[in-house]
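Throughout, a chain's letter reflects where its sequence line sits, starting with A, and its residues are numbered from 1.
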Amino acid sequence: MTADNQLDVWEVFMQSKPGANYIHAGSIHASDKQMALQNARDTYCRRGEGTSIWVVPSSAIVASNPEDNGMFFDPANDKIYRHPTFYVMPEGAKAI
Amino acid sequence: MEQAQDTLLREFEEKIECGFAIEPKDRMPAGYRKHLVRQMSQHAHSEVIGMQPEGNWVTRAPSLRAKQILLAKIQDEGGHGLYLYSAAETLGVSRDELIEQLHTGKAKYSNIFNYPALSWADIGAIGWLVDGAAIVNQVSLQRTSYGPYSRAMVRICKEESFHQRQGYEIMAKMMAGTADQKAMAQDAMNRWWWPSLMMFGPHDSDSPHTGDAFKWKIKRHSNDELRQKFIDKTVQQAEVIGLTIPDKDLKWNEEKKCYDHGEINWEEFSRVIGGDGPCNKQRMEHHISVHNEGAWVREAAEAYSAKQQYSKNV
């Protein structure tokens, strides 16, 4: 069997309703943008799962490296002034 | 070097132990990756090959309603194959390789699709029993440790319940029909029951792939556990519509609170897996010929894309 081109891989992000976050649905294969959108619709949206789709060539995605997680996602626990509970509110102040 | 490997394996297994999902870029043992590629590609191939016995009835569906339903179901199966291929591709294997492994026989697909769909009642039996058995397996796999596989399973399970219900509806309708229709439904039941039980694979005591699969939480329930679950929920459904389960040893075990069943014909199982089932040759030839005949479509799509790029650049 000769190796056959299965077209490029694209990642699919879908918004379930206006106002919602776009969420990664999976990937599809396509040769161009138009086909990528159509294949994404046919593959991940057969029952009204979405109202809007983004497709991105997989090769364009840059991902963080899990091995750097400790440093990269340092929780910065020493910067407690980033949290609202750090601040002392005057007695009697309401709705703050 | 070896020590570093040991540390990596220990870290990996600790993560699994704590119930964390493994994601594509995480370090994983080669054996874990290999097991997943084998299992997920076999799963994907099964979805796609499973379109063939059903496709056989599209033009002969007994009503427009039945035809629309069957088409939608077959489209879902194709979709499920794509979810699974794309999840498998996150492990670094390409679609070309996966298809080549199928065509050369290196990768298997579910044995059940080597049986023919002889009558319309078979479409009912496939949806009710075959998809029913697949659901039991897939519900369990929703909690598998590899993230992309687990997410594909969640999506698939949402869609499978329609498949099983439409199959059961066909069987129920036929069992409410003429004597001939009832006989046809029972005949389909007789032919599909045992192969459906075989879908769960060999008995736990004879299953070659389970050791690491359990430790690494790829598999969450054993073959026999899942098979038992399927039998226990299906027997009552058969009774409601008046179908007889073709197993004279099937009886309720009050002590264990589940059904005891007769011996599965494992000789038939290995014979069909080994290539000597009623439709093995036909299924593979069809897949290969459609793949080859479709090559020009992929080439044309590439050429069109290249032309668009070119005209954008001049």
Side-chain angles (χ1 to χ4, degrees), chain A residues 1-17 20-50 53-73 75, chain B residues 8 11 15 20 22-28 72-73 75-76 78-90 94-104 147-149 151-152 154-156 158-159 162 288 291-292 294-309 312:
Chain A
M1 200 189 87
T2 55
D4 204 342
N5 187 359
Q6 288 287 316
L7 314 181
D8 299 330
V9 183
W10 300 65
E11 300 300 324
V12 179
F13 299 84
M14 202 149 54
Q15 188 187 40
S16 61
K17 56 178 194 287
N21 289 321
Y22 283 75
I23 295 175
H24 183 240
S27 63
I28 49 98
H29 287 223
S31 58
D32 62 38
K33 298 177 199 172
Q34 197 59 34
M35 189 194 283
L37 268 182
Q38 284 171 355
N39 288 355
R41 193 260 331 261
D42 291 347
T43 307
Y44 293 103
C45 193
R46 290 192 295 282
R47 291 177 174 79
E49 290 92 337
I53 296 176
W54 291 344
V55 286
V56 184
S58 300
S59 57
I61 294 205
V62 183
S64 60
N65 185 348
E67 275 143 61
D68 301 338
N69 274 10
M71 198 170 48
F72 197 72
F73 294 105
Chain B
L8 280 174
E11 281 172 8
K15 248 170 116 177
F20 288 122
I22 304 301
E23 292 295 332
K25 289 190 69 160
D26 292 342
R27 300 289 286 266
M28 57 183 93
K73 179 179 189 300
Q75 191 192 11
D76 273 357
H80 295 176
L82 292 176
Y83 302 159
L84 284 157
Y85 281 128
S86 80
E89 284 167 315
T90 63
S94 76
R95 187 80 58 92
D96 282 328
E97 291 172 88
L98 295 173
I99 293 175
E100 186 172 349
Q101 286 170 2
L102 173 68
H103 288 175
T104 57
Y149 193 22
R151 294 193 283 274
V154 170
R155 198 176 291 277
I156 286 176
K158 268 190 208 152
E159 300 181 351
F162 134 60
I288 292 173
H291 181 73
N292 291 342
W296 72 269
V297 179
R298 296 185 289 275
E299 282 161 23
E302 293 256 284
Y304 178 68
S305 166
K307 189 177 148 194
Q308 281 177 315
Q309 290 293 333
K312 209 164 42 183

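No part of A:S58 comes within reach of chain B, as not one of its non-hydrogen atoms sits under 4.5 angstrom from that chain. For B:Q308, the part lying near chain A is the side chain, with the backbone staying farther off; criterion is any non-hydrogen pair under 4.5 Å. Using a 4.5 Å cut-off between heavy atoms, A:Q34 makes no contact with chain B at all. Only the side chain of B:Y304 comes within contact range of chain A, with at least one heavy atom under 4.5 Å from a heavy atom of that chain. Of the two parts of A:A30, neither the backbone nor the side chain holds a non-hydrogen atom closer than 4.5 Å to a non-hydrogen atom of chain B. Neither the backbone nor the side chain of B:R151 comes within contact range of chain A; no heavy atoms are under 4.5 Å apart.
The shortest distance between side-chain heavy atoms of B:Y83 and A:S27 does not fall below 4.5 Å. Using a 4.5 Å heavy-atom threshold, the side chains of A:Q6 and B:D96 count as touching.
For residues 38-48 of chain A, every residue pair satisfying the salt bridge (charged side-chain N to carboxylate O under 4.0 Å, His left out) rule, not counting sequence neighbours, is listed here: A:R46-B:D76, A:R46-B:E159, A:R47-B:D76, A:R47-B:E159.
Within residues 66-73 of chain A, the residues having any heavy atom under 4.5 Å from a heavy atom of chain B are, by residue number, A:P66, A:E67.
For B:E302, the salt bridge (charged side-chain N to carboxylate O under 4.0 Å, His left out) criterion is met by no residue, not counting sequence neighbours. In terms of the salt bridge (charged side-chain N to carboxylate O under 4.0 Å, His left out) criterion, residue partners of B:R95 (sequence neighbours excluded) are, by chain and number, B:E89.
Using modelled atom types, one side-chain atom of B:S305 and one backbone atom of A:S31 make a donor-acceptor pair closer than 3.5 Å.
In this structure, NE2 in A:H29 is found 7.5 Å from OG in B:S86, a value given to the nearest 0.5 Å.
At most 12 non-hydrogen atoms from other residues, nucleotides or ligands lie less than 6.0 angstrom from NZ of B:K307.
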